[in-house]
Amino acid sequence: MSIVITLPDGSKREYPAAITALELARDISERLADAALAAEINDQLCDLDTPITEDARVEIHTFRTDKGRELYWHSTAHLMAQAVKQLFPDVLVTIGPAIEQGFYYDFDREEAFSDEDLARIEARMKELIKQDLPYHRTELSKAEAVKIFKERGERYKLEILDEIPDGDIISTYTQGDFIDLCRGPHIPSTGKIKAVKLLKTSGAYWRGDEKNKMLKRIYGISFPSKKDLKQYLDFLEEAAKRDHRKLGKDLDLFSINDEVGAGLVLWHPNGAMIRHLIETYWKEEHLKNGYKLVYTPHVGRSKLWETSGHLGFYQENMYAKMEVENQDYYIKPMNCPFHLSIYNANHHSYRELPVRLAELGTVYRYERSGVLHGLMRVRGFTQDDAHIICTPEQVSDEVEKLIVFSLDLLRHFGFKEFLLYLSTKPDAAVGKDADWAMATQSLQASLEKLGLEYDVDEGGGAFYGPKIDIKIKDAIGRAWQCTTIQFDFNLPERFDMQYIGADNAAHRPYMIHRAVLGSVERFFATLLEYHGGNLPLWLAPLQLLILPITDAQIDYCKTLQERFLQSGLRCEIDYRSEKIGYKIREAELKKIPFMCIIGKKEAEEGTLSLRRHTQGDLGTMDMEQALTIIRSENENL
RNA sequence: GCUAAAUUAGCUCAGUUUGGUAGAGCAACUGAUUCGUAAUCAGUAGGUCGGGGGUUCGAAUCCCCCAUUUAGCUCCA
């Protein structure tokens, strides 16, 4: 009886008897057999030596597939645990999964792993790779597994075993002297790992719970070639160059200092100019799209925060209360209660809805000291907040408009790729099921109507409503969350919001809470990292710098500056008596988009020599030609 | 908050192992130079070594506490 194997491309192969996945790969090609890591037989991921005994769909996984990479890294994590156990026999192993980029393994050890330890572990891993130890799968009963790990004193493994139902078959993987409880599959042998690098160590709570013991984690990554590893390390270096904290310092955009306080940002003139341009654009676009701008205070009475519920469920993130004339006040961690108070200041007819209230609202939240990170995570930040209050009939239209508006706004900043997520009802939630269903459905319908791809985060919504998040995809593959569009079934109740319908009765409106940029701080950081500091021309604090070669050209430079300023460009002259090469170098380091080099020749001819940052010399031309080039990057000039 | 590492001139860093009161490059300032597409030369000035306490004849260096930063964990715009 022969068996028929169907490959992912639909092609079929027939074999007279059962063969292993590895034999199948070898039959397809030697190269595939060499690259093969594991097989997926009828959607079941398994080791390469698994026999295929009947007709099946089979996919061979290599490092090129997501699943292949994942188990490659997982196998490397096992290898690292083996090296650690050999070098530090007293250390207990816990778990070691693959992550998006590489793997980690958590160990129970009193001391932290030092850099020297890492180097030793890495060296031992390389020895074990040379030995080309096979990963051997063993299936056994729970009792047998308990016996094995009890003998070895691996109490974390026993804890995991304890949670597995008694009847289940358990698998272990052994390579050399190391045995680990593992579902698998794994790569055939350690020799498949050609390049490995241990990257860093840190603490991590057992099972991710801060009440548990803190374990010592080691992160690493591995590749099937040294070249791939080098490429990855280069990528990390590139990411470091784009770090907004470094760019913020180099370009003199912002600072954060001890004396002012952690997580509180000082915006320097250059950064403030960029922020001003972002905010001005943001306001204009909101006004064009039917939003009303509002301003609200930075503090509010405790009564307000009781009504909103923040004192109940958010107090640990709020700054402590302050007392003035026997009244308690809190600094605002959110703008919503103020916006809703504005709505509630008047009666509203259904004819006025939707009401869209927008504000660049600065809030303060107490964030635990360990989470602060440059501008990405701060304690005082400005949300580009808006609340849309509408009737049930208006919901789907509003959601659709919002998605389009958000994407348009983001694209204007040069962002091109987006990742969209729809988050649905979590277990603990407020609001009626019917409302959740309706809101979730209108979010989903809008995404589909617009033909946008999105992922569903099941149960990932806020307790008060479902949401859509938009993340921006970076030039080097990282994703940054900005936009969030959230329904809120909680606050309209708490604030007893109403509108008068056509039936002359009071109704509860729907409310959507949204931020497009997220926070100005995080957005600014994302913008910097995305563009590597080379902002689009319209956002550059200084757009053009005129560089006279000698003092003799200064008067001519001033007439040019006048023309550029009249065209709406932000333009300055570098008067210093430095050599032209030096002035150009400085302007390049400051990432000034355009440079205008003026020597004797240009002054006599009435021309100018234009240079574009990142491109170099564009040649000699007259003013009109220069403006044409500059306008091609920004039609508003 | 937790685990670990770090904090020295405006910036980037050396000096800490083996205690003997600080050093470089860039930037700044002064002077010279007037130059053609990423660094001209010379000179000057700049630091109670994150803060506080302790050990010591003597602390940037050793010990303790605190603050901040970084990498993670947990949490989030």
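Lettering follows sequence order; numbering is per chain, from 1. Given the structure is predicted, the values throughout are model-derived calculations rather than measurements.
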Do any N or O atoms from the side chain of [X] and from the backbone of [Y] form a donor-acceptor pair under 3.5 angstrom?
X         : Y         : result
Arg514(A) : Asp384(A) : yes
Arg522(A) : Ala525(A) : no
Arg379(A) : Leu264(A) : no

Worksheet item: For Lys249(A) and rU12(B), is the shortest distance between a side-chain N/O and OP1 or OP2 below 4.0 Å?
Response: yes

Name the atoms and distances for all side-chain donor-acceptor pairs under 3.5 Å in residues 332-339 of chain A, with sequence neighbours left out.
| unit_1 | atom_1 | unit_2 | atom_2 | d |
| --- | --- | --- | --- | --- |
| Lys332(A) | NZ | Thr296(A) | OG1 | 2.9 |
| Lys332(A) | NZ | Pro297(A) | O | 3.2 |
| Lys332(A) | NZ | Asn335(A) | OD1 | 2.8 |
| Asn335(A) | ND2 | Gln383(A) | OE1 | 3.4 |
| Asn335(A) | ND2 | Asp385(A) | OD2 | 2.9 |
| His339(A) | ND1 | His387(A) | ND1 | 2.8 |
| His339(A) | NE2 | Glu359(A) | OE1 | 2.8 |

Strand partner of [N], provided both Watson-Crick or wobble distances fall under 3.5 Å:
N       : value
rA4(B)  : rU70(B)
rU17(B) : none
rU40(B) : rA32(B)

Whole angstrom value for the distance that separates [atom2] of [N] from [atom1] of [X]:
X         : N       : atom1 : atom2 : answer
Asp551(A) : rC35(B) : CG    : P     : 10 Å
Leu118(A) : rA5(B)  : CG    : P     : 12 Å
Glu111(A) : rA4(B)  : CD    : C1'   : 13 Å
Arg377(A) : rA77(B) : CZ    : P     : 8 Å
Glu586(A) : rC35(B) : CD    : C1'   : 16 Å
His310(A) : rC76(B) : NE2   : P     : 14 Å
Leu610(A) : rG36(B) : CG    : C1'   : 15 Å
His244(A) : rA77(B) : NE2   : P     : 17 Å

Rounded to whole angstrom, note down the [atom1] distance from [N] over to [M].
N       : M       : atom1 : value
rA22(B) : rU48(B) : P     : 13 Å
rU16(B) : rA60(B) : C1'   : 7 Å
rU69(B) : rU12(B) : P     : 15 Å
rU7(B)  : rG46(B) : P     : 25 Å
rA6(B)  : rA14(B) : P     : 11 Å
rU37(B) : rG23(B) : P     : 40 Å
rC26(B) : rG43(B) : P     : 12 Å
rG47(B) : rG10(B) : P     : 8 Å

Of the nucleotides [options], which has the atom closest to the [X] side chain?
X         : options                   : result
Ser519(A) : rA77(B), rU12(B), rU40(B) : rA77(B)
Tyr582(A) : rA77(B), rA39(B), rA4(B)  : rA39(B)
Thr550(A) : rC76(B), rC35(B), rG36(B) : rC35(B)
Val378(A) : rA77(B), rU33(B), rA4(B)  : rA77(B)

Worksheet item: Salt bridge check: are Lys213(A) and Asp108(A) linked by an N-O gap of less than 4.0 Å?
Response: yes

Discussion item. Looking at Arg155(A) and Glu159(A), is there a salt bridge between them, counting it only when a charged N and a carboxylate O are closer than 4.0 Å?
Written reply: no

Looking across every strand, which nucleic acid part, if any, lies under 4.0 Å from [X] by heavy atom: base, sugar-phosphate, or nothing?
X         : value
Ile580(A) : sugar-phosphate
Lys600(A) : base
Glu521(A) : nothing
Lys583(A) : nothing

What I want to check is whether the side chains of [X] and [Y] have a donor and an acceptor closer together than 3.5 Å.
X         : Y         : value
Gln486(A) : Tyr464(A) : yes
Thr607(A) : Asp622(A) : no
His268(A) : Asp252(A) : yes

Discussion item. If you assign each of Leu589(A) and Arg368(A) to its closest nucleotide in RNA chain B, which residue comes earlier from the 5' end?
Written reply: Leu589(A)

Worksheet item: RNA chain B: Asp250(A) or Gln383(A), which has the more 5' nearest nucleotide?
Response: Asp250(A)

Worksheet item: Which distance, rounded to the nearest 0.5 Å, do you find between the CD1 of Ile274(A) and the CG of Leu251(A)?
Response: 7.5 Å

Discussion item. Quiz question: going by heavy-atom distance under 3.5 Å, is there a donor-acceptor pair between the base of rA77(B) and the side chain of Glu367(A)?
Written reply: yes

Worksheet item: Do Gln553(A) side-chain and rG36(B) base share a donor-acceptor contact under 3.5 Å?
Response: no

Fill in: Protein proximity profile, nucleotides 61-73 of chain B - base contact B, sugar-phosphate-only contact S, no contact -, cut-off 4.0 Å on heavy atoms
-------SSSSBB

